[in-house]
Amino acid sequence: MMKLFKMAGVAALATATLAGAANAEDREFSWSMTVGGTSDYIFRGISLHEEDPAAQGSVDIGYGIFYAGAWASNVSGAGYDPMELDLYFGIKPTLGQFTFDFGFISYLYPIASDSLEYYELKAGVSTEIVKNLTGGVTFYFTPDQSNYVQTWTVEGNLA
């Protein structure tokens, strides 16, 4: 696992170097908080709250291209009870019209009876395709872990 952390650190440093020096106005501290609810917590097509409403919230901080945060939701079923806590960090450098996102996500179930925790790496890119239409693709890699098999996930979006 330490080898993976070192590789992720080297990749993050290389990306930050390639992104070039940020302007002073780009190096501002930012933060946000969210609180909300949903009719069901669905993660990659699977209900993690037995198709019942779920409360969710997050706290995020950023400085320039760096970000970190925590997100939580109540969950139920499959031993997850009663909450999920996701901790994440990463960088979002830009190169021309493209914005990249390289990150690390840890999925924690601190009150669960079984150890269901796992982590994954994220790499994405987005750009404005035409005026008022942005598109992107994100790849997630979950390495083989004691409670989770190696998985690749691809996510696309248009806004």
Side-chain angles (χ1 to χ4, degrees), residues 1-5 7-9 11-12 15 28-94 98-159:
M1 185 156 162
M2 287 306 295
K3 183 178 179 181
L4 187 61
F5 282 125
M7 288 176 18
T15 303
E28 293 183 11
F29 176 77
S30 64
W31 67 276
S32 66
M33 293 175 58
T34 65
V35 175
T38 182
S39 60
D40 186 13
Y41 171 24
I42 299 175
F43 180 70
R44 297 185 181 153
I46 299 171
S47 173
L48 293 185
H49 201 239
E50 298 181 334
E51 300 180 4
D52 289 329
Q56 301 175 337
S58 68
V59 176
D60 295 286
I61 59 170
Y63 182 76
I65 65 171
F66 301 97
Y67 66 89
W71 179 89
S73 179
N74 57 321
V75 293
S76 60
Y80 292 113
D81 296 330
M83 80 173 276
E84 174 183 329
L85 173 65
D86 301 347
L87 303 176
Y88 47 89
F89 64 88
I91 60 172
K92 283 190 169 182
T94 58
F98 297 97
T99 300
F100 297 89
D101 185 353
F102 301 101
F104 176 89
I105 308 165
S106 179
Y107 299 91
L108 307 172
Y109 302 90
I111 307 173
S113 56
D114 295 328
S115 177
L116 302 170
E117 286 127 10
Y118 65 98
Y119 64 91
E120 65 185 5
L121 302 172
K122 171 175 83 167
V125 62
S126 63
T127 188
E128 186 175 60
I129 299 168
V130 295
K131 186 175 179 175
N132 298 322
L133 179 63
T134 300
V137 63
T138 303
F139 298 92
Y140 297 90
F141 173 66
T142 308
D144 189 21
Q145 297 165 58
S146 63
N147 60 342
Y148 207 95
V149 297
Q150 178 175 313
T151 307
W152 288 90
T153 304
V154 179
E155 174 183 280
N157 63 63
L158 291 172

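Values below: all heavy atoms of this structure, side chains included; hydrogens, waters and symmetry mates excluded.
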Please give me the minimum heavy-atom distance between Val154 and Val137, naming the atom from each residue.
CG1-CG2, 3.9 Å
Report yes if some heavy atom in the side chain of Met83 is under 4.5 Å from a heavy atom in the side chain of Ser73; otherwise report no.
no
Sub-3.5 Å donor-acceptor pair from the side chain of Thr127 to the main-chain atoms of Ile129, do we have one?
no
Residues at least two apart in sequence or cross-chain that pass salt bridge (charged side-chain N to carboxylate O under 4.0 Å, His left out) with Glu120, listed by chain then number, are Arg44
Shortest non-hydrogen contact between Asp60 and Gly69, atoms and distance:
OD1-CA, 3.8 Å
So, for Tyr41 and Trp71, is the gap between ring centers shorter than 6.0 Å?
yes
Any side-chain heavy atom of Asn74 sitting closer than 4.5 Å to one from Pro82?
no
Nearest 0.5 Å, what's the CD1-CZ distance between Ile61 and Phe29?
5.5 Å
Return the CD to CD distance between Glu117 and Glu84, rounded to the nearest 0.5 Å.
10.5 Å
A side-chain contact here means heavy atoms from C-beta on lying under 4.5 Å apart; do Leu108 and Leu87 qualify?
yes
If you compare all heavy atoms of Met33 against all heavy atoms of Val59, which two are closest, and at what distance to 0.1 Å?
CG-CG2, 4.2 Å
Counting C-beta onward and ignoring hydrogens, is there a side-chain heavy-atom pair between Thr142 and Gln150 closer than 4.5 Å?
no
Has Glu50 got a side-chain atom pairing as donor or acceptor with Leu48's backbone, closer than 3.5 angstrom?
no
Decide if atom CD of Glu51 counts as having more than 12 heavy atoms of other residues, nucleotides or ligands within a radius under 6.0 Å.
no
Atom OG1 of Thr94 and atom CG of Asp101: how far apart are they, to the nearest 0.5 Å?
12.5 Å
For the backbone of Leu116 and the side chain of Asn147, can you confirm whether one donor and one acceptor N or O come within less than 3.5 Å of each other?
yes
What is the ring orientation for Phe98 with Phe100, classed by angle as parallel under 30°, tilted 30 to 60°, or perpendicular over 60°?
tilted
Output the distance between atom OG (Ser47) and atom CG (Asp40), rounded to the nearest 0.5 Å.
3.5 Å
Show the nearest heavy-atom pair for residues Gly135 and Leu158, with the distance to one decimal.
CA-CD2, 3.8 Å
NZ of Lys92: more than 12 outside heavy atoms within 6.0 angstrom?
no
Anything under 30° is parallel, anything over 60° is perpendicular, the rest tilted; go ahead and classify Tyr118 against Tyr148.
parallel
Quick check: do Tyr140 and Glu155 have side-chain heavy atoms less than 4.5 Å from each other?
yes
Single hit among Tyr88, Tyr119, Tyr67 for ring pair (Phe, Tyr, Trp, His ring centres under 6.0 Å) with Phe104:
Tyr119
I would like to know whether Ser58 and Thr34 meet side chain to side chain donor-acceptor pair (under 3.5 Å); could you show each step before the answer?
CA-CA 5 Å; Ser58 68; Thr34 65; 2.6 Å; yes
Calculate, to the nearest 0.5 Å, the distance between atoms NZ and OG1 belonging to Lys122 and Thr153 respectively.
13.0 Å
To the nearest 0.5 Å, atom CD1 of Ile105 lies from atom CG of Asp86 at 7.5 Å
